Amino acid sequence: MLLSLPISPASSGAVLCRNRRSESCTAVIRLAACTDGSLRAPPPVTVINAVRGGAVPRATRSRRFEALLSGTNAAACRPAPRAGEPPPRRGPWPALRAAGRAKMAAGGGRYFCTAGRGLEPFLAREVRARLGATEVDRVSGKVFFSTEAEPGELRKLKSGERLFLLLKKHTPIPVSRNKGKVLHEIKSLVIEEPKYWLDVISIWRNLHGCGGQKDNVSQENPSPLKRKSEEANIATKRQKMEQVRGTMSEECQAEGGERCVVPERKSDQDCWTESKTSLEDPSKSSGEEPIANEQLSFSFRVSCRCSGAIAKILTSQEIGRAVGIALMKQCGWRADLRDADLEIFIHLNDIHSVVGIPLFRLPLANREYIKTAGLRSTIAWAMASLAEISAGAFVLDPMCGLGTILLEAAKEWPEACYWGADISDSQLEGADVNIRTAGLMDKIELLKASVKALPLPSESFDAVISDIPFGKKFKITKDIQLLPDILQEMERVLRVGGTIVLLLSQDLHKCMDGITKHAENDSPNAISDGASETTTAKALNVDGNSSSLVNGIEESFLSSRQTRFGSLVPDGVYEVSLGKTDAFIYKYRKISSAGNQ
Amino acid sequence: MKLLTHNLLSSHVRGLRPGGGFPLQIQASEVRVRPVPFNAAFVARLVPRLRWAALLEAAESLGHPSELPPEPAADYEGDESFLRRVHHILLEVEVLEGVLQCPDSGRRFPISRGIPNMLLSEEEA
């Protein structure tokens, strides 16, 4: 069963792993020796022989597991535990060192986190700031990173969708017309000895604080503490999330493995598929090791997402099915689409082939502190992160709706005061409930007021953040009339040096340019709607550098703002995906209050 | 509505003389006192942003005389008992039901379930 795979420098370690079945254990251990660069004596050969024999005594397994766990020389020198003893436990953290075998920084775990389109720069910045992440690699829709942070910290990521432990990252699967061959390549990417998966499961369980239960593979709920507390709060929400995910994020789920719901904005085949292998009889699997007896009640699920060249040859569904069946035969697991113990995610596109396991049952975007979300929490957080909220700041959302932006901001930057205003009683009620649920009543106050006539003094706020809801409710012509009034009031209550961060729909984005055009009558920079739309739509870096908008547009913005709205200077435009449509985050800074009205 | 919010709220009825809409007079029918964790540094940052006279007046009108000086002392930042009194009156006293009245126009804004309704009709704005 010697498999050939393209060997890239990044994956050389992992490729060793997939040689002949009988050598797989050796290879895995060899891998542990080389990935973090440190030199370690591999465990003695006796381990391998014992494994090859079939029966794996507990001690042997423990030793091998210990070897995989060890990320430092010190750990490798530790004497092997006696028979019957579990490996010395150092908390969930050491397990991370063995995770992400394909790529592993010294002393860290490697992860990848999916992100809504446009939010990748925010996520990359966040993992660096929040987790001290290194080797941050940002691609479209994902950020790879290494960190020593614990799961509790990882769970706090705010701008990502789902977080995965990286198991493998390789160059794209070579695509040919021969479906069988391509499937074979994919399977060899994923299929490993059962022991590999046992270790992965143990690592994953360690992450969820279930230490000591490694031997009990048959429990139905691998992460009782963590998951139950989350699910207790949002049990029904999960159902909703599963449905909403199809439209709101780049993921979707197939029902019964037959249909594949593709998010509308995607043109390529980009969908999640669950393995259809629940139809198979799990007891049919053969070639099990005796330890597989423990695994019979263990359930898994394969989710596959593919796009690009490979999607033209195979569907995610076919891949998921093939991999699922192969895993069942290999490991003797049971497939469970609804409530699997372990989920295996495969992402295949033109950039890479990635295999990972999700760290958490629920997406990161699912906030247990938000009862009813309005705007997507990731985008709300990203907007708040642009507003430069410092300690003691006064922050206003003059069209707060259900208060999502205020909730995200107050949670992350609690040393500030937050006010939300809205004209709708029902929205304010919902916001009130949200604020109570989140326990943020001390931080956020609500008003019933109109953004066109704010009952607030001039220059009293440090930041104004808002999701402008127009374009959905009102006609476009009315929008153009209202937007300047709204901006004017926002600018009035903002102090000099303060920031305005707005989320504008596609339609309003065009309106902004319309306002620009109307506001400056004598500027030589004539802007056509077509040109302005494309140029201002560029996503920009988040490091605080000035925007790289085309000069003509920027100047016109600048001058128009100075004429009408005191002095609001653009400080960045970011295009983000809302699922079905795109929207634009605009940031402005007030540089002086001259020329107001 | 906390007194911190009241310290910002003003009436924007059209035609008022400048500053005529502040401070709003409070007529409270239901007031609640709820403890809030004290953070001295946080409160110290709030003090310079407050309209002090309006705060004292509001506290009096609620029947919660604040025992605060007519002006913050120069060294207020280090005076913990002062900061605690500010903290209490600003953040722990809430008007749940009542009315806010514009001093110049007499326009009344109701407070219901802690949320003041500052919406003006088309003619007023």
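Order of the sequence lines sets the chain letters (A, B, ...), proteins ahead of strands, with each chain counted from 1. Predicted, not measured: the structure shown is a model, and the values here were computed from it.
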**Request:** Determine, stepwise, if the pair Glu415(A) / Asn39(B) fulfils side-chain contact (heavy atoms from CB on, under 4.5 Å).
**Result:** CA-CA 9 Å; Glu415(A) 301 284 309; Asn39(B) 179 336; 3.3 Å; yes
**Asked** Taking atom CD1 of Ile111(B) and atom NZ of Lys448(A), what is their separation to the nearest 0.5 Å?
**Response** 13.5 Å
**Asked** Is the side chain of Glu445(A) donor-acceptor paired with the backbone N or O of Lys2(B) at a distance under 3.5 Å, no angle test?
**Response** yes
**Asked** Does a side-chain heavy-atom distance below 4.5 Å link Asn117(B) with Asp425(A)?
**Response** no
**Request:** Provide the closest heavy-atom pair for Leu119(B) versus Ser450(A) in the form atom of the first, atom of the second, distance.
**Result:** CD2-N, 3.5 Å
**Prompt:** Which is it for Leu4(B) and Trp419(A) under the side-chain contact (heavy atoms from CB on, under 4.5 Å) test, yes or no, and what are the steps along the way?
**Reply:** CA-CA 11 Å; Leu4(B) 174 61; Trp419(A) 282 269; 3.7 Å; yes
**Message:** Please classify the contact between Ser11(B) and chain A as side chain, backbone, both or neither, with a heavy-atom cut-off of under 4.5 Å.
**Reply:** neither
**Request:** Kindly indicate, with the supporting measurements, whether the criterion side-chain contact (heavy atoms from CB on, under 4.5 Å) is fulfilled by Leu447(A) and Phe109(B).
**Result:** CA-CA 11 Å; Leu447(A) 312 169; Phe109(B) 301 93; over 6 Å; no
**Message:** Need one label for Leu8(B): side chain, backbone, both or neither, based on atoms under 4.5 Å from any heavy atom in chain A.
**Reply:** both
**Message:** Looking at every non-hydrogen atom in both residues, tell me the closest pair between Leu446(A) and Ile115(B) and how far apart they are.
**Reply:** O-CG2, 3.8 Å
**Request:** Side-chain contact test, heavy atoms from C-beta onward, threshold under 4.5 Å: evaluate it for Phe42(B) versus Cys417(A) and give yes or no.
**Result:** yes
**Request:** Heavy-atom distances under 4.5 Å only: say whether Ala416(A) touches chain B with side chain, backbone, both or neither.
**Result:** backbone
**Message:** Quick check for you: to the nearest 0.5 Å, what is the distance between His12(B) atom NE2 and Lys452(A) atom NZ?
**Reply:** 15.0 Å
**Request:** With a 4.5 Å cut-off on heavy-atom pairs, point out which of Gly392(A), Pro457(A), Ala449(A) contacts chain B the most.
**Result:** Pro457(A)
**Request:** Measure distances from Ala393(A) to the heavy atoms of chain B and classify the residue's part below 4.5 Å as side chain, backbone, both or neither.
**Result:** backbone
**Message:** Between Arg49(B) and Asp462(A), does any NZ, NE, NH1 or NH2 come within less than 4.0 Å of an OD or OE carboxylate oxygen?
**Reply:** yes
**Item:** Which atom of Arg34(B) lies closest to which atom of Asp442(A), heavy atoms considered
**Value:** NH2-OD1, 2.7 Å
